[in-house]
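Worksheet: the structure to be examined is printed underneath.
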Protein chains: 2
Amino acid sequence: MTIKEIARLAGVSSAAVSRYLNGGYVSEEKKEKIREIIEKTGYRPSIQARNLRTRQTRLVGVVVPKISSETISRVTDGIGKILQEKGYQMLLATTDNNPEKELEYMELFENYPVDGVILIATILTRKHRKHIRETKIPIVVIGQHLEGENCVYHDDYGAAKEMGIYVGKSGKQKIAYIGVTREDKAVGTGREDGFLSGLAKCGMKMKDGLRKEAKFTMESGYEKAFELLRDNSDIDIISCATDTIAAGALEAIQKDFPERKGSIQITGFGDNQFLKAVTGGIPTVHFGYKTSGVKGAELLIDIIENGQDISVQMKLGYEIKNLQSEKKRE
Amino acid sequence: MTIKEIARLAGVSSAAVSRYLNGGYVSEEKKEKIREIIEKTGYRPSIQARNLRTRQTRLVGVVVPKISSETISRVTDGIGKILQEKGYQMLLATTDNNPEKELEYMELFENYPVDGVILIATILTRKHRKHIRETKIPIVVIGQHLEGENCVYHDDYGAAKEMGIYVGKSGKQKIAYIGVTREDKAVGTGREDGFLSGLAKCGMKMKDGLRKEAKFTMESGYEKAFELLRDNSDIDIISCATDTIAAGALEAIQKDFPERKGSIQITGFGDNQFLKAVTGGIPTVHFGYKTSGVKGAELLIDIIENGQDISVQMKLGYEIKNLQSEKKRE
DNA sequence: TTGTACGCGTTATCAG
DNA sequence: CTGATAACGCGTACAA
């Protein structure tokens, strides 16, 4: 069913139908006739052909590393809220943490096309930077700092440093850390360096062999924590780079070393609500994930609608949660 | 940069460039010339214009109610795996459990367009049925049974019945149930009716006032469980329609009624791995969510590529996990 | 107010 | 093997 057929059936020109659809001049009687035919045939204009013509889609593509993550769904919640308000729709693409797929989908979005792209980033390779620099549609990066490009990110280093200080002052002696790949500048490098810096400020250091690198999954957190606990009988505290990893660490204690349950503390990052609900809450960092989604979407739409003169980098704060003093209430 | 400009720069016709891009007849020297120009300009064909012409996109749209859900990410994992193998890309749209948005996105996908749509369904309204019946692109529904249409669903009733029997035989006397809206035929109606039927088979019944209806969130599960515990001092067991709700119930016990922790059991549905890790595992039902994604995607692609003669409805089995006998190990 | 005619960037056809 | 040229479905000057 095309606009031509509708025109023919209604006995008008396709231009008249187009005007009817887009609010141009059409006489009342033709309007009525067209309405009737459209109603009867269930005709829908091809968005595709329209976009080819108008060069805008009111669509935003969002590339995410995975969807089974509370963190990411908070960000996309924020994005979705703004897009909805502004009359845009959101298309999501997941990449399973596969950088190649990230590029693929960014290209798909670029010439499918959409009006803009938001990338929730983990690892930014040289190819990523090149693509972001050269792409013709607006791109906003969320979760990583990228100098010279539009991005909204969190103060991972600062938060981790404060967490390090908390741990350093807690009186615990044997401290372990489970991080993630340092290729991830925010979660890997930022949190690890910040944490160590915080410890150092209290005159504490981590011993060799007490630093592990996990993937972004609970299973991986479980494995690394298991190794730590198996090889070290006197660990006091395990700080984890994400709450998901921390959940794995909790599992390791509970399942394989239940006798040490009382003597080991776990800390995390991300303020995972699920974890908080079922455990009562471990010390963790609350980042404004929903806010970063909101800010990122607002920035993108502003660029789409008003063009861009200079790039914007936005850093968001944090809050440490469930520290000792708060836990007394229970 | 368009195909015409490339053609002009390479001194050939646009048709030759098109053939070069799609593997048709081009002489070696022209090939080389075209390759060079494309390389130099970074030209990418407009997928959009191509699709307008070819009427196929190798793209599948997936409409989901939310993304912050382990259940749904297991399904999309399965879908993504198959699509990847078959050379399709996947676009996701989330609707926040808003039926209107579901329709909106299904229409977007239909004429944006994509080659097929998968709907992970919760509530199927009359409008949904109408749309699914009348749409011109193949649609597969996952998670709900829909007679006469393509769907892959789980045996919610059967699983719930078995859970009901387990609870009925457990010796617990005062049984509560937190379900979800009966508009959701699978999770709402199927699980509740199955559960009650299982209880009945053991000669058990639920007392009035011990049945609550929650939303699909932990917060809602918390509230309903809190009300139950506050108003009834002798509840033995709370069976929940999802593990997410169950997590909320665990929170209510832990936070507000810690003294009753040992005397109340919680059961769920969904075999949430996160919950299992941090709690050791409550009795729950494992459905083949990843499998339903796989089967749904295979079915869809088969229809896209080979057309469809008759509709297919596929029911998947289940497995009850973490029953008493298994828990003894701890 | 209306309709004709053209262009958006491709691919497919067909004559050379 | 190659290159014009006609679609694909729509929006929009422009002329009527």
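Both backbone and side-chain heavy atoms feed into the values below; hydrogens, waters and symmetry mates do not. Numbered from 1 within each chain, the chains take letters A, B, ... in sequence-line order.
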Between G11(B) and P45(A), which residue's closest nucleotide on DNA chain D lies nearer the 5′ terminus?
G11(B)
Ranking dG11(D), dT2(D), dT11(C) by distance to the side chain of N22(B), first place goes to dT11(C)
Starting from the 5' end of DNA chain D, give me the residue, R53(B) or A15(B), whose nearest nucleotide shows up first.
A15(B)
Spacing of I6(B) atom CD1 relative to dT11(C) atom P, expressed in whole Å
13 Å
Please classify the nucleic acid contact of K4(A) as base, sugar-phosphate, or nothing, using heavy-atom distances under 4.0 Å.
nothing
Nearest-neighbour nucleotide for the R55(A) side chain, dG11(D), dG9(C), dT10(C) considered:
dG9(C)
Need one value for S18(A): base, sugar-phosphate or nothing, where a base atom within 4.0 Å counts as base even if backbone is also close, heavy atoms only.
base
Testing dT2(C), dG9(C), dC10(D) for proximity to the side chain of I3(A), the answer is dC10(D)
Taking only side-chain N and O atoms of S14(A), does any of them lie within less than 4.0 angstrom of OP1 or OP2 on dG3(C)?
no
Please report the distance, rounded to the nearest Å, between CD1 in I47(A) and P in dC8(C).
22 Å
Counting any heavy atom closer than 4.0 Å, what does Y20(B) reach on the DNA or RNA strands: base, sugar-phosphate only, or nothing?
nothing
Given dT10(C), dG3(C), dG9(D), which nucleotide is nearest the side-chain atoms of T2(B)?
dT10(C)
When rounded to whole Å, the CZ to P distance for the pair R50(A) and dG9(D) reads 15 Å
Taking donor-acceptor contacts at under 3.5 Å, does the side chain of R44(B) reach the base of dG9(C)?
no
What is the distance, rounded to the nearest whole Å, between atom NZ of K31(B) and atom P of dC1(D)?
8 Å
I want to check something: taking the side chain as every heavy atom from C-beta on, are D96(B) and P65(B) in contact at a cut-off of under 4.5 Å?
no
